[in-house]
Amino acid sequence: TRTYNTIINGYLKAGKSSEALQMFEEMQKGSCSRDTITYNTMIMGLCKAGKVNDAYGIFAAMEHQGCSPDVYTYNSIFYGLLKVHRLAEALTLFEVKKTKGCSPDHITYRTLINGFCIAGNADQALQFLVDLKASGHVPDLVTYSTLINGLCKVGRMDVAYKLYEDVLEQKFVPNLITMNTLLNGFGKDGQFDRAHQLFAELKDMGIRPDVVSYNALICAAGKVGNTDAAFQLLEEMQCAGCSPDVVTYSHLIELLSNSDKAGQAWDLFTQMEKRGRHPDLVSYNLLLAGLVKASRLDDACYLMEEAKRKGLTPD
RNA sequence: GUUUUUCAUUGU
């Protein structure tokens with residue numbers, strides 16, 4: 001059985017789900033019986049491959065076939081359901097599972113919190129945080145960061161910040177990712193000042209800002225139309241030994257394009273190429289938008305041809 | 001000591 005399990009897992013990891021299924025069927029007929037791990041392996045593998053329906057079928061059948069689901073099984077099936085945004089089913093199953101006496105572990109909570117955040121249901125995710133605490137688990141920094149990100153994405157900056165304070169209170173040390181997440185959230189929300197403040201805070205904490213931090217902050221400056229600040233930050237990051245990447249340039253190109261400075265946007269685009277940062281489709285799209293906005297349609301067509309020559313496929 | 005589960009940050 002262990003041998004089969006290992007092989008099945010191998011097939012699934014290699015993206016060969018039909019071969020895995022074949023082995024799985026073979027076990028049913030042969031001398032090796034399936035155990036819970038066999039089912040778990042199949043279910044997770046299929047979920048990862050996006051074949052959630054198949055996984056669910058196996059899950060539904062396993063009890064009749066004499067194997068009871070354990071916490072791994074549930075975690076995998078939650079992962080799958082949430083991946084395809086079947087939130088209601090996940091919730092129902094969560095309740096059912098509890099009545100069956102299979103209690104959620106910290107991975108269950110993380111999976112659920114992550115899934116609901118991705119699906120944009122921050123309230124439910126927050127509820128899981130409450131449950132998690134109530135059941136005696138301690139949320140870790142990744143869980144917090146996930147939640148903070150989820151809240152930022154739906155513009156609930158007040159609650160996001162509250163969670164950040166929670167983190168501090170619990171004597172967790174926020175890391176670069178946590179700070180970047182929050183900083184980006186404030187920036188997107190049009191609160192450049194607060195974003196900037198967080199930027200200062202993270203430096204005070206002894207964290208060295210990375211290209212993501214600067215990009216988020218440049219975006220924040222752009223959001224409030226502060227072109228000067230955006231370019232100052234470009235200088236600043238270079239002084240700090242952080243080299244701008246294609247995302248940095250994209251933010252700046254977008255900012256210039258939006259403020260009717262298509263010419264400058266194009267200059268910057270050229271500069272980026274000179275510096276060895278290859279423009280991608282996003283950069284092209286942004287500059288194209290700027291040119292179109294400025295009614296420079298011929299230039300736009302020219303640029304589009306150039307993109308094609310570089311092997312990019314305009315969308 | 002050998003098989004299975006989740007995981008966070010930036011651009012159109």
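Within every chain, numbering begins at 1; the chains are lettered A, B, ... in the order of the sequence lines, protein sequences first and strands thereafter.
Within the 4.0 angstrom heavy-atom criterion, base atoms lie near A:Ser145. Among the atoms of the strands shown, none is found under 4.0 Å from any heavy atom of A:Asp315. Residue contacts shown for A:Thr143 are absent, as no nucleic acid heavy atom lies under 4.0 Å away. Residue contacts for A:Asn175: at a heavy-atom cut-off of 4.0 Å it reaches a base atom on one of the strands shown. At a threshold of 4.0 angstrom between heavy atoms, the contacts of A:Ile37 include nucleobase atoms, whether or not backbone atoms are also involved. Within 4.0 Å (heavy atoms only), A:Lys153 reaches sugar-phosphate atoms of the nucleic acid but no base atom. Nucleic acid contact for A:Lys83: none, since no nucleic acid atom lies under 4.0 Å from a heavy atom of the residue.
Whole-Å rounding puts the A:Leu176 CG to B:rU9 P distance at 12 Å. One can place CG of A:Leu217 at 14 Å from C1' of B:rU9, the figure rounded to the nearest angstrom. The NZ atom of A:Lys223 sits 11 Å away from the P atom of B:rG11 (whole-angstrom rounding). Atom CD1 of A:Ile218 is separated from atom C1' of B:rU9 by 16 Å (rounded to the nearest Å). The distance between atom CG of A:Leu82 and atom P of B:rU6, rounded to the nearest whole Å, is 13 Å. Whole-Å rounding puts the A:Phe269 CZ to B:rG11 C1' distance at 14 Å. The nearest whole Å value for the distance from the CE atom in A:Met42 to the P atom in B:rU5 is 14 Å. At whole-Å resolution of the value, CG in A:Asn40 and P in B:rU3 are 14 Å apart.
Outside the 6.0 Å centre-distance limit, the rings of A:Phe192 and A:Phe186 are not counted as a close aromatic pair. In this structure, A:Tyr284 has its ring center closer than 6.0 angstrom to the ring center of A:Phe269. Between A:Tyr164 and A:Tyr144, the gap from one ring centroid to the other reaches at least 6.0 Å. A:Tyr39 and A:Phe24 have their aromatic ring centers within a separation under 6.0 angstrom.
A donor N or O paired with an acceptor N or O is not found under 3.5 Å between the base of B:rA8 and the side-chain atoms of A:Thr146. For A:Asn180 and B:rA8, a side-chain-to-base donor-acceptor distance below 3.5 Å is absent, hydrogens and geometry of angles not being considered.
Side chains of A:Asn40 and A:Asp35: no donor on one and acceptor on the other come within 3.5 Å.
Dashed line: the shortest gap from a side-chain N or O of A:Lys13 to OP1 or OP2 of B:rU5 is under 4.0 Å. Contact annotation: A:Tyr72 side-chain N/O to B:rU3 OP1/OP2 distance is not under 4.0 Å. Side-chain N/O atoms of A:Asn114 include none lying less than 4.0 angstrom from OP1 or OP2 on B:rU6.
Closest to the side chain of A:Ile177, from the set B:rU6, B:rU3, B:rA8, is B:rA8. Looking at the side chain of A:Met44, the nearest of the listed nucleotides B:rG11, B:rU5, B:rU9 is B:rU5.
Looking only at distances, a side-chain donor or acceptor of A:Arg277 sits under 3.5 Å from a matching main-chain atom of A:Pro244.
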